[in-house]
Structure formats: structure tokens, C-alpha cells
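Residue numbering restarts at 1 for every chain, and letters A, B, ... go by the order of the sequence lines.
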Amino acid sequence: MSNKIKAAIIGPGNIGTDLLMKAQRSKLIEPVWMVGVDPDSPGLARAAEMGLKTTSDGVDGMLPFMQEDGVQICFDATSAYVHAENSRKVNERGAVMIDLTPAAIGPFCVPPVNLADAVARKAMNVNMVTCGGQATIPLVAAVSRVQEVTYGEIVATVSSKSAGPGTRKNIDEFTRTTAKGIEVCGGAHTGKAIIIINPAEPPLIMRDTVHCLTHDDPDQEAITRSIHEMIAEVQKYVPGYTLKNGPVFDGKRVSIYMEVEGLGDFLPKYAGNLDIMTAAGLRTAEMYAEEILSGNFMPNVA
Amino acid sequence: MDLKGKKITVHDMCLRDGMHPKRHQITVEQMVTVAKAMDEAGVPLIEVTHGDGLGGTSVNYGFPAASDEEYLTAVCREMKNTKVSALLLPGIGTVDHLQMAVDCGISTIRVATHCTEADVSEQHITVASGMKGLDTVGFLMMAHMIEPEELVVQLKLMESYGANCVYITDSAGYMLPEDVAARVSLARRELKPATELGFHGHHNLAMGVANSIAAVAAGANRIDGSMAGLGAGAGNTPLEVFIAVCDRMGIETGVDTFKAMDIAEDLITPMMDEQVRIDRDALTLGYAGVYSSFLLFAKRSAAKYQLSSRDILVELGRRRTVGGQEDMIEDLALDMARERGTIQ
């Protein structure tokens with residue numbers, strides 16, 4: 001009997017394909033299905049070449065086979081608009097849904113901050129916030145675990161080439177969902193998110209700035225230590241997560257300047273924004289897989 | 001060049017772009033006073049919001065003296081003939097802000113993106129153009145960074161989402177009149193005849209008025225400026241000067257020239273914290289093609305880390321930074337200070 005949990009990826013685009021490449025190296029996850037909607041999708045063809053079962057009939061094309069194929073975890077890398085329906089369908093077949101869209105119908109999950117809680121709650125749907133959220137919320141949390149943060153603000157700058165049509169059509173969902181994640185997971189009373197798309201060539205590596213306003217004067221030493229520890233945690237799954245400058249302390253402002261270089265699996269290295277999303281999604285799935293394998297959690301047929 | 005009898009719409013930026021040199025600290029009372037004077041002078045359209053548009057309030061860009069909602073509510077209810085616009089940068093503000101501004105009484109929304117990224121405006125322009133009577137404008141910033149042919153592709157995207165007017169925006173004050181003419185004339189040929197075309201200039205190379213006239217000659221019918229040039233960098237096209245030139249040329253703006261001069265001299269100039277002028281750093285913006293609102297951020301970081309603000313601005317230009325990347329400035333200054341050994 002296999003000691004890996006079988007998984008399906010919905011959405012054979014850039015994110016889905018990068019996730020597939022990462023999942024193939026996983027010791028805990030075995031990707032078995034790739035689901036798309038376009039029979040001519042190059043992503044479906046690539047997945048088929050890698051030995052996955054594929055369908056171009058959307059989630060409905062996979063549903064009849066999910067139980068016999070033992071799919072217990074699904075990743076949704078499509079769009080916020082179709083996510084709820086996808087999630088309902090796979091949950092009914094007893095699979096946990098890991099949501100990489102900004103739909104945010106399930107609890108937020110930022111692995112180094114609250115993955116253990118999300119898994120302990122045995123949620124059947126967890127949301128990975130946004131790429132900018134994955135890159136920045138750990139640092140807001142690193143400050144707020146030291147002392148009260150009244151306001152957390154992030155600026156995510158991504159290269160034009162790494163901002164796909166989904167992000168572009170849903171840019172408001174990015175800013176809203178990220179801001180909410182800064183509050184719910186990051187622990188700031190008020191969150192604000194800004195995204196900038198830069199078309200420079202060669203493409204710039206994802207940059208993120210995190211500004212926190214603390215309630216009392218910041219404990220510089222404790223905050224600096226907490227930030228370095230958090231960065232080390234994120235580096236476990238995104239090795240290119242790098243502190244460029246800071247923390248800068250200016251009155252009650254704490255500013256942190258980051259760069260996120262991806263692993264360069266399917267997506268180029270500059271697209272750290274996409275890499276951190278797929279890496280965080282996979283890390284979440286692996287933690288669920290551990291729980292399932294150890295018998296602590298059995299995804300329920302809803 | 002005979003432009004006699006040509007009718008154009010001027011759009012004043014004092015209460016939006018002018019927020020940059022004022023560090024977003026213009027008070028509600030000052031806004032109402034200025035707006036009423038604009039109404040009295042016959043200025044058809046004025047913009048009111050945080051300098052970085054709706055939702056711009058932030059550590060990154062600065063916290064304003066009052067909220068967008070307070071500014072817009074106070075100004076809109078006092079206007080007799082002048083209409084009020086708001087700016088929205090997707091990625092900073094959302095459709096929720098747009099709805100709030102409409103509820104406050106704006107009649108024009110301007111949705112701004114970097115010149116190559118028009119498709120991030122689809123969500124906002126589509127919603128705005130579906131609102132009855134809302135003048136919906138697409139605004140392409142840093143338009144000097146791409147060739148006219150590429151720019152027109154992006155303008156047409158905004159037109160296709162439902163914008164009834166599109167703008168070519170010289171955010172860096174880098175363009176020369178021939179650059180403006182090439183972009184505007186190609187856009188005029190390629191866009192639908194009913195789509196209005198605008199130009200927004202900055203005065204960093206002292207080309208604000210000349211560029212705006214070149215835009216009108218090439219087919220633009222909306223021109224942005226600000227009285228006394230109150231705006232980012234060396235300011236916007238000084239609107240009272242542009243109006244006087246239009247008068248001389250027979251271009252019809254509908255604005256009382258002397259009243260425009262009086263607003264500039266008696267209301268706006270005394271409001272300035274420092275004279276908005278082409279100082280060395282503002283000139284560097286125009287020379288190196290850098291987003292005008294970076295000016296004060298570069299000056300502050302230069303002072304804090306003992307660097308040359310010109311060096312910072314030139315490097316920001318070399319890295320092809322775009323509007324909104326104010327957070328790059330302290331980051332870059334720290335890198336430069338470390339290289340020079342002034343910090344560890």
C-alpha cells in the first residue's frame with residue numbers, strides 16, 4: 001500500500017503545473033489527476049505525459065472516478081468565481097480542498113503562522129489567501145507575536161509576466177483578501193494591501209514591503225529576532241525568501257523589505273509570488289497528509 | 001498652427017495631484033475654498049482625493065488630513081457648475097471606493113494603470129461605465145516608457161472596457177512636444193471618433209504648457225493642469241498659464257483667465273509648504289523619466305541616509321520603477337548607504 005495521499009489539481013495553468021512539479025517530489029503527496037476545461041490546454045497535455053489522469057470536462061469529469069482513485073486532497077488553481085462550486089463537489093466525494101484562488105470561503109492558511117490550527121480544526125476547505133499574503137503575513141505575525149500591531153500594510157510588487165489573467169481580472173479580490181489575511185492571520189487590528197505590477201525587462205524578482213505600526217514603542221531587539229526566526233521558517237519551503245533591508249524602526253513604524261525568488265520549477269525564478277503560493281499550498285497538503293496517514297484525520301464525506 | 005475656435009475641457013489637479021507636495025495635508029476647509037473659487041472661475045472639472053487616488057491612505061504614500069469621503073462630500077455639495085472627479089489606481093483602491101465616491105457625488109471616475117497594464121482596469125472601468133451618467137476615463141501613466149503603437153493597444157483596451165475618454169499621462173514630465181504629438185495623433189486616428197482623448201502633463205522639463213498645446217493640436221480635447229502648478233515633481237501644467245495661452249490662440253476653455261490667475265496667486269501659492277518649482281531634483285525626474293511623486297520621498301531618504309537625492313532618483317529611473325513603488329525608495333537608499341559605508 002502506498003504511503004502517499006493521492007491528490008488532484010484543478011486548473012492546468014501556470015500555477016497548477018508548477019504545483020504538479022513540486023508535488024511530484026513530495027514524500028507525502030501523489031498527484032493523480034489534472035482537471036481542466038480546454039481539451040487543447042498545454043497544461044493538460046503535460047500532466048498526461050507525466051502519467052496523470054486528465055479531463056477537460058472540469059471537476060465533473062473527475063468526480064465519478066475520485067473515490068475509486070482514492071483522491072483525498074484537491075488543489076483549486078482556477079479562479080475565485082468557480083471555486084465554491086468546485087469545492088462543494090469534491091468535498092461531497094470526501095476530499096479536502098486546498099484553495100489557491102482568492103475565493104476565501106474556508107479559513108485562511110499561512111503555513112508558518114497557522115497551518116497547525118487549520119489542520120487541527122479539520123477544515124474541509126482551507127484558503128491560501130493570496131501570493132502577496134503568503135509572502136508578507138508571516139512577517140506581520142512575526143511583529144504581532146511580540147507586541148500589539150494596530151496597523152499592518154503590505155506592498156507586493158510583481159513582474160508583469162508573473163501576473164496572470166486571473167490576478168488581473170480579480171485585482172480587487174487580491175487587495176481585499178490580502179488585507180483581511182493581514183488582520184485574521186497576521187494579527188494586525190487593521191490591514192491594508194497594495195499590489196504593483198512592473199513590466200521591466202528582465203523581469204524583477206518579487207519584492208514585498210511590510211509596514212507595521214505598533215501600539216507602543218517597538219521592542220527592537222525582540223522584533224528583529226522574531227522576524228529572523230520567521231524568515232527561517234518560510235525558507236524551509238521557499239529557500240529564496242530573503243530579507244533585503246530592515247527591520248527599519250522609525251517611531252512606531254517597523255518596515256521590512258523582502259525579495260522572494262522562486263525555485264524555478266515550471267515558473268521562472270523571478271515569479272516568487274507564484275512559487276510561494278504553490279509551495280505553501282503543497283506544504284499545507286503535506287500536513288493534512290500526515291494527519292490522514294497517522295489516522296488522526298479522515299476527510300468526511302460531506 | 002490654427003486652433004482658433006477649438007473647444008477643450010480643462011481639468012484642475014490642485015486638490016489631488018497637489019496633495020503630493022502638500023504631503024496629503026490639505027484640509028477640508030482649504031479644499032472647499034479652492035473648489036468654490038474654481039467653480040466661480042468656470043473651471044469645468046476638478047479632481048479631489050488623496051494624491052494616490054481613492055484608498056491611497058497608507059504608510060507607503062502618506063496618511064491624509066481627512067478621508068476621501070470627507071473631502072468629496074464637503075466639496076461636491078458646494079459645487080454649482082463645476083463637476084468633481086476622483087482617481088482610482090487598481091491595486092490601491094477598489095470598486096468599493098469607487099462606489100463610495102459615486103455616493104459622495106462625483107461625476108467622473110478616472111481609472112489609472114501603468115501604461116503597459118491596462119487590463120488590470122477592466123473590473124473598475126466595466127463597473128463605472130455601467131453606472132448611469134458616470135463619465136468613465138482610462139488613464140495610462142508613465143506613457144513615455146513605451147512607443148506610440150504599443151500605447152494605442154493599451155488605450156484601446158480601456159476603450160473596449162467602456163471608457164468614454166482615455167488619457168495619455170506624462171507622469172514623469174519626460175516628454176517633449178514631438179513625443180506628445182506622436183502619441184496623441186496616433187491615438188486619435190485609432191480610437192473611435194466618439195472617444196475623448198486627454199493629456200496630463202508634468203512641468204519637470206518646463207514643457208507642461210507646450211506639451212498640452214501639442215496635445216490639443218494633435219487631437220486631444222481634455223487637458224489636465226493645476227493652478228500655480230500645485231502637483232507632484234515640478235508640478236502639473238500650470239493651468240492659469242495654459243488658459244492664458246489658450247486665450248491668445250483662440251482655444252476655448254470657458255474659464256475666466258483673470259480669475260484663474262487670481263486663484264493661482266491668491267489661494268494656491270500661499271498654500272504651498274515650499275515653492276513648487278523646477279529644482280535640481282524635479283529636473284532630474286524629467287531628465288531621467290521618474291514618477292513625479294517620488295520627489296519628496298527621495299529627498300527624505302537622502303537626508304536620512306546622507307545620500308544625494310539626485311543619485312537615488314537616477315537609480316530609480318535606471319531600474320524602470322513605475323508609479324506606486326514609493327516603497328522602493330527607502331529600500332534602495334539603504335542599499336546605497338550600505339555600499340557607501342554610511343550604515344552597516
Taking every non-hydrogen pair under 4.5 Å, which of [options] racks up the most with chain A?
options	value
B/Gly324, B/Ser58, B/Pro90	B/Ser58
B/Leu334, B/Thr126, B/Thr321, B/Leu89	B/Leu334
B/Ile92, B/Thr116, B/Asp119	B/Asp119
B/Arg320, B/Gln325, B/His114, B/Glu122	B/Gln325

Structural part of [X] lying under 4.5 Å from a heavy atom of chain A:
X	answer
B/Glu117	both
B/Thr57	backbone
B/Met328	both

| Expected output: side-chain A/Thr177 to main-chain A/Phe174 donor-acceptor under 3.5 Å |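 Pair absent, no side-chain N/O of A/Thr177 close to backbone of A/Phe174.
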
| Do the side chain of B/Arg183 and the main chain of B/Ile168 share a donor and acceptor less than 3.5 angstrom apart? |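 Checked: no pair found.
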
| Quick one: which of B/Met142, B/Glu147, B/Met141 gives a side chain to side chain contact (heavy atoms under 4.5 Å, CB included) with B/Met145? |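 When B/Met142, B/Glu147, B/Met141 are each tested with B/Met145, the side chain to side chain contact (heavy atoms under 4.5 Å, CB included) holds only for B/Met142.
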
| Parallel, tilted or perpendicular: ring planes of A/His211 versus A/Tyr257, cut at 30 and 60 degrees |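 Ring orientation of A/His211 relative to A/Tyr257: perpendicular.
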
| query | Does NZ in B/Lys22 sit with more than 12 non-hydrogen atoms of other residues, nucleotides or ligands closer than 6.0 Å? | reply |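 Yes, NZ of B/Lys22 has more than 12 neighbouring heavy atoms, counting only those of other groups under 6.0 Å.
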
| request: Flag the pair B/Lys304 and B/Glu330 as a salt bridge only when some basic side-chain nitrogen lies within less than 4.0 angstrom of an acidic carboxylate oxygen. | output: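 The answer is yes: the pair qualifies as a salt bridge.
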
| query | Which residue out of A/Lys244, A/Lys169, A/Arg207 racks up the most heavy-atom pairs below 4.5 Å with chain B? | reply |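 Answer, by heavy-atom pair count under 4.5 Å with chain B: A/Arg207.
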
| request: Determine the option with the most heavy-atom pairs under 4.5 angstrom with chain B, choosing from A/Thr167, A/Asn170, A/Leu204, A/Thr209. | output: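 Of the candidates given, the most pairs with chain B belong to A/Thr209.
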
| query | In Å and rounded to the nearest 0.5 Å, what is the NE2 to CG distance from B/His50 to B/Leu87? | reply |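 One finds 11.0 Å between NE2 of B/His50 and CG of B/Leu87.
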
Quick one: what part of [X] sits under 4.5 Å from any heavy atom of chain B, side chain, backbone, both or neither?
X	value
A/Ile194	both
A/Lys192	side chain
A/Thr157	side chain
A/Ala193	backbone

| said: Could you walk me through whether B/Tyr61 and B/His24 satisfy the ring-ring contact (aromatic ring centres under 6.0 Å, His included) test, starting with their C-alpha distance in whole Å, then the side-chain angles of each, then the deciding distance to 0.1 Å, before giving a yes or no? | reply: CA-CA 9 Å; B/Tyr61 306 123; B/His24 313 286; 8.1 Å; no

| request: Could you tell me whether B/Tyr291 and B/Tyr174 have their ring centroids closer than 6.0 angstrom? | output: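 When the ring centroids of B/Tyr291 and B/Tyr174 are compared, they turn out to be at least 6.0 Å apart.
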
